Amino acid sequence: MKATGIVRRIDELGRVVIPKEIRRTLRIREGDPLELFTDRDELMLKKYSPIASVERFSEGTAKSLHEQSGYLAAISDTDNILHAFGAGRKLLMGHGVSEALTELMAARRSHLASLAEGGRILPVVREGEGAFTAQLVVPIVANGDCLGAVILLSEEEGAVMETSCVKLARLTADIIASQFV
């Protein structure tokens, strides 16, 4: 744990203000759920990720999606890539999602693109990027909230995502979302 040197007082309703600089750094926005942890005399706040709570399920799902599609497959929450399987997985695993992906998830829109068809490939992670030639991003939406995304990527020259892969990614997103309904 890293000390910030910032001290805040609790008001009469038990509220504490998290400074803007810390919220910006940790990408905490108004309405984001925070999980509380205690250990003796320590209190820790952590940004809540419902998908991370089904860790093993999302890991197996990403692996199966890769095996069925043949593409690099990833599952993200709204902040980080949680699991990735396939060639190039190390470029994604554990990295924070890009602003473009965050905006796409916030809008609850899917994105399908192929360089071979003149499409625009969105950056997936904030730092570093592969030379992807085709991409599919499907948001995971449960109870009106976007919880993350299912992502398929290809580095093959001239790659175009087939209709069957689009259906597979949408089904995967629906199955993950059904865990929270």
Side-chain angles (χ1 to χ4, degrees), residues 24-29 32 47 49-180:
R24 186 179 309 123
T25 301
L26 298 177
R27 298 177 70 168
I28 297 172
R29 294 174 290 281
D32 282 350
K47 196 166 179 185
S49 170
I51 291 181
S53 68
V54 289
E55 184 83 18
R56 298 181 111 198
F57 180 75
S58 61
E59 181 179 12
T61 303
K63 184 177 180 184
S64 293
L65 185 58
H66 163 68
E67 290 170 354
Q68 295 301 311
S69 69
Y71 294 116
L72 170 58
I75 306 291
S76 79
D77 63 11
T78 55
D79 294 313
N80 299 298
I81 303 294
L82 301 175
H83 297 288
F85 281 89
R89 71 182 279 215
K90 290 182 181 177
L91 296 170
L92 304 178
M93 280 294 291
H95 291 282
V97 299
S98 69
E99 281 299 318
L101 201 59
T102 299
E103 290 172 16
L104 193 68
M105 288 187 281
R108 290 155 182 74
R109 287 193 343 255
S110 294
H111 178 75
L112 175 62
S114 169
L115 291 180
E117 296 178 331
R120 180 172 161 248
I121 304 297
L122 301 176
V124 177
V125 294
R126 280 182 256 162
E127 60 286 325
E129 194 63 41
F132 301 116
T133 58
Q135 165 183 74
L136 173 61
V137 179
V138 178
I140 301 167
V141 180
N143 300 320
D145 295 325
C146 184
L147 307 177
V150 172
I151 304 161
L152 289 177
L153 301 162
S154 177
E155 291 181 323
E156 291 180 29
E157 183 119 3
V160 176
M161 299 276 171
E162 308 87 29
T163 304
S164 61
C165 287
V166 173
K167 289 180 181 178
L168 184 61
R170 287 189 176 139
L171 175 64
T172 302
D174 288 346
I175 290 171
I176 293 171
S178 73
Q179 302 299 303
F180 303 98

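Please read these numbers as outputs of a predicted model, since none were measured by experiment.
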Is there a side-chain contact between Leu91 and Glu155, using heavy atoms and a 4.5 Å cut-off?
yes
Does CD belonging to Glu67 count more than 12 external heavy atoms closer than 6.0 Å?
yes
Of the non-hydrogen atoms in Pro139 and Arg109, which two are nearest, and what is the gap between them?
CD-O, 3.5 Å
Quick one: CD on Glu127 to OG on Ser98, what's the gap to the nearest 0.5 Å?
10.0 Å
Over all atoms of both residues, closest heavy-atom pair of Leu152 and Cys165:
CD1-O, 3.9 Å
Can you tell which of Ile81, Asn80, Leu92 makes a side-chain contact (heavy atoms from CB on, under 4.5 Å) with Val97?
Ile81
Identify the heavy atoms of Met93 and Leu82 that sit nearest to each other, and give their distance.
CE-O, 3.7 Å
Step-by-step side chain to side chain contact (heavy atoms under 4.5 Å, CB included) determination, Leu72 to Gln135:
CA-CA 10 Å; Leu72 170 58; Gln135 165 183 74; over 6 Å; no
Interatomic spacing from OG1 in Thr102 to CZ in Arg29 - rounded to 0.5 Å
6.0 Å
Between atom CG of Leu136 and atom OG of Ser154, what is the distance when rounded to the nearest 0.5 Å?
12.0 Å
Does a sphere of radius 6.0 Å around CD in Glu156 hold more than 12 heavy atoms from other residues, nucleotides or ligands, not counting ones at 6.0 Å or beyond?
no
Looking at Ala134 and Ala159, what are the two nearest heavy atoms and their distance?
CB-O, 3.6 Å
Search all heavy atoms of Tyr71 against all heavy atoms of Met161 and return the closest pair with its distance.
CE1-SD, 3.5 Å
Testing Thr78, Ile151, Leu122 for side-chain contact (heavy atoms from CB on, under 4.5 Å) with Leu101, which one passes?
Ile151
Give, for atom NZ of Lys63 and atom NE2 of His83, the distance between the pair rounded to the nearest 0.5 Å.
12.5 Å
Hey, are the side chains of Arg126 and His95 touching, using non-hydrogen atoms and a 4.5 Å cut-off?
no
Within this structure, what is the CG-CD distance for the pair Leu147 and Gln179, rounded to the nearest 0.5 Å?
11.0 Å
Checking His66 side chain against Ala87 main chain: does a donor-acceptor pair fall under 3.5 Å?
no
Quick one: pull up CD1 in Ile75 and CD1 in Ile176 and give me the separation to the nearest 0.5 Å.
3.5 Å
Side-chain touch Ser110/Val138, heavy atoms, less than 4.5 angstrom
yes
May I ask you to decide if Leu168's main-chain N or O and Arg170's side chain share a donor-acceptor pair within less than 3.5 Å?
no
Which atom of Ile140 lies closest to which atom of Ser76, heavy atoms considered
CD1-O, 4.4 Å
